[in-house]
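Atoms within each ligand, like the ligands themselves, are counted from 1 in listed order.
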Amino acid sequence: MNTFEAINTRRAIKKFDSTYKMSPEQVSSLMELTILSPTSYNQQNWRFITVTDQLIKEQISKAARNQSQPSDGSLVIILCGNMNAWKEDPLRYWKNSTLEKQEYVKNALHTKYAENPQNQRDEAMRSCGFAGQTIMLAARQMGLDSCPMVGFEYDELAKIINLPEDHLIVLMIVVGKASEPANPRGGQLSLDKVVFENRF
Ligand SMILES: Cc1cc2nc3c(=O)[nH]c(=O)nc-3n(C[C@H](O)[C@H](O)[C@H](O)COP(=O)(O)O)c2cc1C
């Protein structure tokens with residue numbers, strides 16, 4: 001499958017085949033690809049909870065207002081942002097580079113995120129957004145389907161995954177095999193409604 005096909009065939013699946021189970025190797029390959037997603041200053045501020053345990057998946061379904069995807073899909077990935085990634089040993093984000101570069105990035109991160117929770121939060125949203133699309137497109141290449149979800153009770157899900165205070169849940173993605181095709185597309189806006197040349 002090429003990239004265009006993956007983009008065209010990725011759909012938000014509502015019904016997953018509950019008998020299909022991904023292998024640990026498949027989960028690991030998917031996550032290895034996911035962490036190649038871009039982040040500002042390479043700060044890698046996403047944290048991923050991968051859930052395959054059936055009991056926990058069922059708890060997640062309950063927190064997701066009884067939507068069936070988490071319990072029936074093979075893998076539930078909770079994409080979280082670490083609000084303090086910018087200051088947690090930041091030299092490691094450029095460990096393959098010069099010390100000079102490492103120090104430069106450390107200072108730049110401090111300038112942008114210290115005492116700026118809005119920037120920390122915005123960055124979590126951006127990073128998890130990119131990672132989410134990587135997950136869904138890589139899943140297609142692996143012959144799998146997915147559903148991005150935010151229809152869940154935040155506090156309930158936070159409790160299930162033991163969310164640290166300085167992290168937030170950005171979204172959840174269920175991966176598995178569809179047992180029914182997606183609903184017909186809702187209706188895309190035409191390009192002229194969303195694309196503007198040079199300026200609004
Ligand atoms: C941030 C986000 C949250 C979503 N939450 C849910 C959800 O809780 N349950 C669900 O069935 N679909 C959910 N969806 C899927 C959207 O309804 C779907 O992506 C949209 O209708 C477009 O359809 P498509 O993804 O098949 O092209 C969500 C999608 C996004 C991007």
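- Contact annotation for Ala64 and ligand 1: no heavy atom of the residue comes within less than 4.0 Å of the ligand.
- A donor-acceptor pair shorter than 3.5 Å can be found between the side chains of Lys57 and Gln54.
- Applying the 4.0 Å criterion to heavy atoms of Arg185 picks out, from ligand 1, the atoms 27 (O).
- Residue contact check: Arg11 has heavy atoms under 4.0 Å from atoms 24 (P), 26 (O), 27 (O) of ligand 1.
- With a 4.5 Å cut-off on side-chain heavy atoms, Phe48 and Leu79 count as touching.
- In this structure, the protein non-hydrogen atom closest to atom 9 (N) of ligand 1 is Gln67 OE1, 2.7 Å.
- In terms of protein heavy-atom proximity, atom 16 (C) of ligand 1 is nearest to Ala12 CB, 4.3 Å.
- At the top of the distance list for atom 12 (N) of ligand 1, counting protein heavy atoms only, stands Lys14 NZ, 3.2 Å.
- The protein atom (non-hydrogen) at minimum distance from atom 5 (N) of ligand 1 is Val150 N, 3.0 Å.
- Considering only non-hydrogen atoms, atom 25 (O) of ligand 1 lies nearest to Arg10 out of Gln188, Arg10, Met149, Gln133.
- Using a non-hydrogen distance threshold of 4.0 Å, Gly186 does not register as a contact of ligand 1.
- At least one heavy atom of Gln69 sits closer than 4.0 Å to an atom of ligand 1.
- The shortest heavy-atom contact between Ala139 and Val175 is CB-CG1, 4.0 Å.
- Side-chain N or O atoms of Asn119 include one that pairs as donor or acceptor with a backbone N or O of Lys112 at under 3.5 Å.
- The distance from the NE2 atom of His167 to the SG atom of Cys80 is 7.0 Å, given to the nearest 0.5 Å.
- Electrostatic pairing of Arg140 and Asp145 counts as a salt bridge here, judged by a charged N lying under 4.0 Å from a carboxylate O.
- The protein does not reach atom 22 (C) of ligand 1 closely, with no heavy atom under 4.0 angstrom from it.
- Looking at residues two or more places apart in sequence or on another chain, you find a ring-ring contact (aromatic ring centres under 6.0 Å, His included) between Phe196 and Phe200.
- Atoms of ligand 1 found under 4.0 Å from any heavy atom of Gly151 (numbered from 1 in listed order, with element): 8 (O).
- Using modelled atom types, one finds no donor on one side chain facing an acceptor on the other under 3.5 Å when comparing Asn107 with Glu103.
- Of the heavy atoms in Pro148, both backbone and side-chain atoms come closer than 4.0 Å to ligand 1.
- The pair Lys159-Glu156 does not count as a salt bridge, with every side-chain nitrogen at least 4.0 angstrom from each carboxylate oxygen.
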